[in-house]
There are 2 protein chains.
Amino acid sequence: MATPAPATHDDVDLDPPVDLGELSSNLGYMLRRAQLAVFEDFHRSLAGEDIRTAQYSVLLVLRLNPGLRQNQVCAALGIKTANFVPLLDGLERRGLAERRMMQQDRRARGLFLTQLGQTTLLRLETLVAEHEARMAALIGDDDRTRLIELLNRLV
Amino acid sequence: MATPAPATHDDVDLDPPVDLGELSSNLGYMLRRAQLAVFEDFHRSLAGEDIRTAQYSVLLVLRLNPGLRQNQVCAALGIKTANFVPLLDGLERRGLAERRMMQQDRRARGLFLTQLGQTTLLRLETLVAEHEARMAALIGDDDRTRLIELLNRLV
DNA sequence: TATTGTTATACTCTATAACTATA
DNA sequence: TATAGTTATAGAGTATAACAATA
C-alpha cells in the first residue's frame, strides 16, 4: 500500500478529492448547490442595498400588480402570511411600499409601491440585470433560457 | 371599467392570477421554487425514515469514501464543521455511522458507515430512486440529464 | 503556532396556533 | 362562521467566536 501524503502546510493539494458519486446526479442536491451559488452572487450584487431575495420579489410583484392584498402576494410567492408581516413592515419602514385600507373590505389592505419604492426598484434592477448577465455567461444565453424552462416544469 | 367579481365562497377562482413578470425568468427565484418543489417530493418519499437531505448526502459520501475526517466531509458538502457535529451525533446515536480514532493524528476522527448504516442506505436509495424517477417523468430523461449538467456549470 | 473537533450562541427562514376585527 | 391580518413562538438551517486536545 502506498503511503498517503501527509497533509502538511507544504502540500498544494491538502486533501484527496472526495467522490460525491450519485450525489452529483441527485436533482435536489444539485438544485440546492446551484441555488446557493446563484443567491451568493445575487447578494454580492446587491451588497449595500440591504435587500433580501424575498423583499426583491415582493417589490417586483407590487409594481406589476398594484393594490394586491397581502394574502394574494403571499399565495403568489409562497410566503406564509404570518412571516409576511415583518417583511412588509421592513419595506414600509424604509418607505418603499405601503399598506392602504380597502373600502370594500376593511379587514384587508391593498399594497402599493411608493415613489421611492419605484425608483429604488429601478436601481436594484440594473444590479440584478448585471447579476443575471453574469449567470448567463456561465452557461450561455440559449442554455439559460432552456434552464429556466426546465425549472418551470419542476414547479 | 368592468366590475371585478367579488371573492366569495361561490367563486371557483377566488383570486385573479398574479403576474410574476420578470420574476419568472429570474434564475435565483426559479431555482429556489424548483428546489423547494423537489425537496418536498424528496421528503414525502422518505416520510417515516426521519432522514434529512444533509444526512442522506453524508451517508452517501461515507459509503464511497470510508475513513474521511469530519473536516473533509464538511468541505465536500459545504457544511460548517460546527454544524456537522450535531448532524453526525444523530447518525451515530441511531447506529448508522461511527467516528473512529485515527492513530496517525489523534485530533482527527475517521468516519464510517456501520453495517446498519449500509443496509439503511440501500433502503433509502430505493425510495430516492422512485423520487428521482418521478422528477424525471416531469421533464423527461434527456432533459433531466441536461438539467443536471446545466446546474453543474452554475456551481 | 496551527489544526481538529467541539461548545455556545445568534441570526435567518420557515411553520403553527391563537388572537382581533371585520365579513 | 369564516376570512385578513397580526402576534407569539418554536423549529430548522446557517454563521461566528472561543475553547481543549493535539500537531
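Below, chain A is the first sequence line, B the second, and so on; all start at residue 1.
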Charged tip of A:Arg100 within 45° of A:Phe112 ring normal and under 6.0 Å: yes
Nearest to the side chain of A:Arg32, heavy atoms from C-beta on, is which of D:dT14, C:dA21, D:dT16? D:dT14
In this structure, which one of B:Asp143, B:Leu151, B:Leu138 forms a side chain to side chain contact (heavy atoms under 4.5 Å, CB included) with A:Leu150? B:Asp143
Is a donor-acceptor pair below 3.5 Å formed from side chain A:Arg106 to base C:dT22, judging by atom type as modelled? no
5'-most by nearest nucleotide on DNA chain C - B:Pro86 or B:Asp105: B:Asp105
note: A:Met102, atom CE; D:dT3, atom P; distance rounded to Å ~ 17 Å
In whole angstroms, how far is the P atom of C:dT7 from the CG atom of B:Leu87? 14 Å
Out of D:dT6, C:dA15, D:dA23, which has the shortest distance to the side chain of A:Asn83? C:dA15
Among pairs that include at least one residue of residues 128-140 of chain A, which meet salt bridge (charged side-chain N to carboxylate O under 4.0 Å, His left out), considering only residues two or more places apart or in two chains? A:Asp41-A:Arg134, A:Glu132-A:Arg144
Taking atom P of C:dG5 as reference, at what distance in whole Å does atom CD1 of B:Ile79 sit? 13 Å
Sorted by position of nearest nucleotide on DNA chain C, 5' first, the leading residue of A:Gly78 and A:Gln104 is A:Gly78
Regarding the side chain of A:Arg69, the nearest nucleotide among C:dG5, D:dA4, D:dA23 is D:dA4
Do the side chains of A:Glu125 and A:Arg63 get close enough for a salt bridge, i.e. N-O under 4.0 angstrom? yes
Length of the NE2-C1' vector between A:His43 and C:dT12, whole Å: 11 Å
Provide, to the nearest angstrom, the distance between the CG atom belonging to A:Asn71 and the P atom belonging to D:dT3. 10 Å
Look at the side chain of B:Lys80 and decide which nucleotide, out of D:dA15, C:dT6, C:dT16, has an atom nearest to it. D:dA15
Would you indicate which nucleotide in D:dT3, C:dT12, D:dT7 comes nearest to any side-chain atom of A:Arg52? C:dT12
Take A:Phe84 and A:Leu36, find for each the nucleotide of DNA chain D with the closest heavy atom, and name the residue whose nucleotide sits nearer the 5' end. A:Phe84
Using a 4.0 Å heavy-atom cut-off, does A:Ala54 contact any base of the nucleic acid, only the sugar-phosphate backbone, or nothing at all? nothing
Where each residue is assigned the nucleotide of DNA chain D containing its nearest heavy atom, which of A:Arg99 and B:Gln103 is assigned the position nearer the 5′ end? A:Arg99
Taking only side-chain N and O atoms of A:Gln70, does any of them lie within less than 4.0 angstrom of OP1 or OP2 on D:dT6? yes
Assert yes or no for the condition that the ring centre distance of B:Phe42 to B:Tyr56 is strictly below 6.0 Å. yes
Closest approach to the side chain of B:Arg107, judged atom by atom: which nucleotide of D:dT6, D:dT7, C:dA2 is it? C:dA2
